[in-house]
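To start, the structure under review is shown below, and the notes come after it.
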Amino acid sequence: MSLSFYDTLAREKRAFVPADPDRVTLYVCGVTVYSYAHIGNARPAVVFDLAFRLLRHIFGEDHVLYARNITDVDDKINQAALDQGVDISAITTKFAEIYQADVAALGCLPPTFEPRATAHIPQMTAMISALIERGHAYQADGHVLFDTQSFPDYGKLSGRSLDDLLAGARVEVADYKRHPADFVLWKPAKPGEPSWQSPFGAGRPGWHIECSAMIETVLGLPIDIHGGGHDLIFPHHENEIAQGRCAHDGADYARVWMHNGFLTQSAEKMSKSIGNIRTIHDLLAEAPGEALRWALLSAHYRAPLEWNPELIAQSKRALDRLYGVLQRWPAAPEAWPAQVPEAVLDALEDDLATPRALAELFALARIAETAPTEAEKLAASASLLAAGRLMGFFNQTPLAWFSGGSDADFTAKVEALISERAQARQSKNWAEADRIRAELTALNVEVLDSATGVSWRLKG
RNA sequence: GGCCUGAUGGCGGAGUGGUGACGCAGCGGACUGCAAAUCCGUCCACCCCGGUUCGAUUCCGGGUCAGGCCUCCA
């Protein structure tokens, strides 16, 4: 199986061949840092982290460049700063750090680059100037607007025409626009707002221009893959293509467009404006990051995923099962690093078919438990470890997983009780053994007797 | 109104023109002092109506329902 991805623009799955296999480029729209990111924001972070890991596996760690931006210019940031009486940088610094820690806890590798909008204002104004020079942008009422009618391919990504947009317009259109779909590249600052000097007056950039400017600066055009949430297809990515191509006389912008589906709750999109969100931060207090990652990858990335407590519980149980295998059949040093099994790679290379990849993990677990020889069991366990690690799982020892953050005192207490119980069992004092087990159960500890010894785990 | 997705068993979620993935839960059994973990077995599905076909859950048409974008949005 060769690597293929579904391309939103082509509307089909296509073989993925990077422009330069020594320099594969991936850009993903990150978050606007004005408050805690919700678990829906984590889906693209995790999905494209998986893509990043897969590309590194295929093309080599040093041959993949991954940029995930941080938007730190925005109305909501301004509002938050105003509400709290602080500088916008206080807001953006705080929530950018929280976001980075949160997604790291979900097993996401640090991207190669995390460019910030405020660090690329000159590149944005240069791009806007290029658009004006080429007749693709115009100034009106203090704004600079992109002239959508100057770009014949406008609407191709989202499958709509300028006429459709006229017909479907639901909102008041600013009268200074030549066409309702024209979008802002630069807007004048209101009093008190952060602003930057530019050839078009003091102001700040529109939302779309930042990604185009940062892509060009950090990765160079065209990039191989541009990713983001499904809701960014229109207008954000449509506008990126328009400005990105027009600034360079129609040159290619991104070779593949990938979009992840939404998280839903009661079948409804999880969204801050609806208010039905769960923050990553809060969820991490309730469940291990790996379990949340498992949950996010349990459905195919383009499908909607219903988010609920049962999903998290099931994900944790799935990892319990696999960590149990790793604990019982610890991969021998000589068996590690093991090859990632073909079946797992096949699944991932087929447009990140994670449900199939996860099913293959269970198949490896079954082999590890049932193979006739210990060598085969250990080999299967090593493969499981390799496959899981490729996907960003098994970042801790089984012991650490099952004892889930227990402190030394607690562990010592549990070990002492288990030792007492072992003595009771040896003298066949079953009543005492069961009493001690009940005591452990009360501590939320589950005891697992086996031929080779006793282990324990915290119950979910 | 325009554009666009999707509807699979108790739950999550793949896939396929004909032997009904995988996981969780349930049930029966093995193992165990008893459990747990593990193993073996097992119950349960393809929204509705037409069409194509020897045969459709899978292809085509229509319908119903749900959801998304068109405004900030992962």
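So you know, we letter chains A, B, ... as the sequences are listed, proteins then strands, and number each from 1. Note that the structure is a prediction, hence the values are computed from the model and not measured. Side-chain atoms are counted along with the backbone in the values below, which use heavy atoms only and exclude waters and symmetry mates.
- Using a 4.0 Å cut-off between charged side-chain N and carboxylate O, A:Arg435 and A:Glu439 make a salt bridge.
- A salt bridge is absent between A:Glu290 and A:Arg293; no separation between the charged side-chain nitrogens and carboxylate oxygens falls under 4.0 Å.
- Note: CG (A:Asp231) to C1' (B:C4) measures 14 Å, nearest angstrom.
- A:Arg160 places its CZ atom 17 Å from the P atom of B:G1, with the value rounded to the nearest Å.
- Distance from the side chain of A:Arg317 is smallest to B:A25 among B:G33, B:G68, B:A25.
- Only the C1' atoms considered, B:C47 is 15 Å distant from B:G67, to the nearest whole Å.
- The environment of A:Lys272 atom NZ is dense: over 12 non-hydrogen atoms of other residues, nucleotides or ligands sit within 6.0 angstrom.
- The nearest whole Å value for the distance from the CG atom in A:Leu364 to the C1' atom in B:C22 is 13 Å.
- With distances taken from any side-chain atom of A:Lys269 to the nucleotides B:A14, B:G33, B:A74, the minimum falls on B:A74.
- Rounded to a whole angstrom, the distance from the C1' atom of B:G9 to that of B:U57 is 13 Å.
- Separating the NE2 atom of A:His236 from the P atom of B:C70 is a distance of 13 Å, rounded to the nearest angstrom.
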Hey, what are the protein-to-nucleotides 5-12 of chain B N/O distances that come in under 3.5 Å?
from  : atom 1 : to       : atom 2 : distance (Å)
B:C11 : O2     : A:Gln314 : NE2    : 3.3

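- Aromatic ring centroids of A:Phe95 and A:Tyr36 lie under 6.0 Å apart.
- In this structure, A:Leu263 and A:Pro235 both approach RNA chain B, and ranking their closest nucleotides by distance from the 5' end singles out A:Pro235.
- Looking at the side chain of A:Ala318, the nearest of the listed nucleotides B:A14, B:A74, B:G23 is B:G23.
- Applying the 6.0 Å contact sphere to CD of A:Glu12 captures more than 12 heavy atoms from other residues, nucleotides or ligands.
- Although no hydrogens or angles enter the test, the distance criterion places a donor-acceptor pair under 3.5 Å between the side chain of A:Arg389 and the main chain of A:Phe394.
- Look at the P atom in both B:A56 and B:G50: the space between them is 12 Å, to the nearest Å.
- Residue-level contact check: A:His259 touches neither bases nor backbone, having no heavy atom under 4.0 Å from any strand.
- Counting only residues at least two apart or on different chains, the side-chain hydrogen bond (donor to acceptor under 3.5 Å, both in side chains) pairs with a member in residues 98-115 of chain A are A:Arg68-A:Glu114, A:Gln100-A:Glu114, A:Asp102-A:His281.
- Atom CZ in A:Arg356 sits roughly 12 Å away from atom C1' in B:U16 (whole-Å rounding).
- Checking A:Asp351 against A:Ser4 by side-chain atom types alone, no donor-acceptor pair falls below 3.5 Å.
- At a threshold of 4.0 angstrom between heavy atoms, the contacts of A:Gly261 include nucleobase atoms, whether or not backbone atoms are also involved.
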Where along nucleotides 35-44 of chain B does protein come under 4.0 Å, by heavy atom, of base (B) or sugar-phosphate alone (S), with - for untouched nucleotides? BBSSSS----

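- As rounded to the nearest Å, B:G68 and B:C72 have C1' atoms that lie 16 Å from one another.
- With P as the reference atom, B:A66 and B:G23 are 34 Å apart, rounded to whole Å.
- Whole-Å rounding puts the A:Leu322 CG to B:C22 P distance at 15 Å.
- Of all nucleotides listed (B:G33, B:G67, B:C70), B:G33 comes nearest to the side chain of A:Trp430.
- In this structure, A:Arg245 forms no cation-pi arrangement with A:Phe151, as its terminal cationic atom is not both closer than 6.0 Å to the ring centre and no more than 45° off the ring axis.
- Looking only at side-chain heavy atoms (C-beta outward), A:Trp329 and A:Glu369 come within less than 4.5 Å of each other.
- B:U58 and B:A37: their P atoms are spaced 39 Å apart (whole Å).
- The separation between A:Leu157 atom CG and B:C4 atom P is 14 Å, rounded to whole Å.
- In summary, A:Asp449 and A:Arg421 engage in a salt bridge, as defined by a charged side-chain N under 4.0 Å from a carboxylate O.
- Checked against side-chain contact (heavy atoms from CB on, under 4.5 Å), A:Arg366 has the following partners two or more places apart in sequence or in another chain: A:Thr370.
- Nucleotides B:A74 and B:G41, compared at atom P, are 47 Å apart to the nearest Å.
- In this structure, A:Tyr323 and A:Phe402 have perpendicular ring planes: the angle between them is above 60°, well past the 30° mark.
- Comparing A:Leu358 and A:His38, the nucleotide of RNA chain B nearest to each residue sits closer to the 5' end for A:Leu358.
- Remark: A:Ser212 engages A:Met127, A:Glu240, A:Gln243, A:Tyr253 in a side-chain contact (heavy atoms from CB on, under 4.5 Å) (not counting sequence neighbours).
- Taking a pair as Watson-Crick or G-U wobble with both distances under 3.5 Å, the runs of three or more consecutive pairs in RNA chain B are B:1-7 with B:64-70, B:10-12 with B:22-24, B:26-30 with B:38-42, B:47-51 with B:59-63.
- Computed from coordinates, the A:Leu384 CG to B:C22 C1' distance equals 14 Å when rounded to whole Å.
- A:Lys76 comes within 4.0 angstrom of a base, heavy atoms only.
- Going from the C1' atom of B:G28 to that of B:C44 covers 16 Å, rounded to whole Å.
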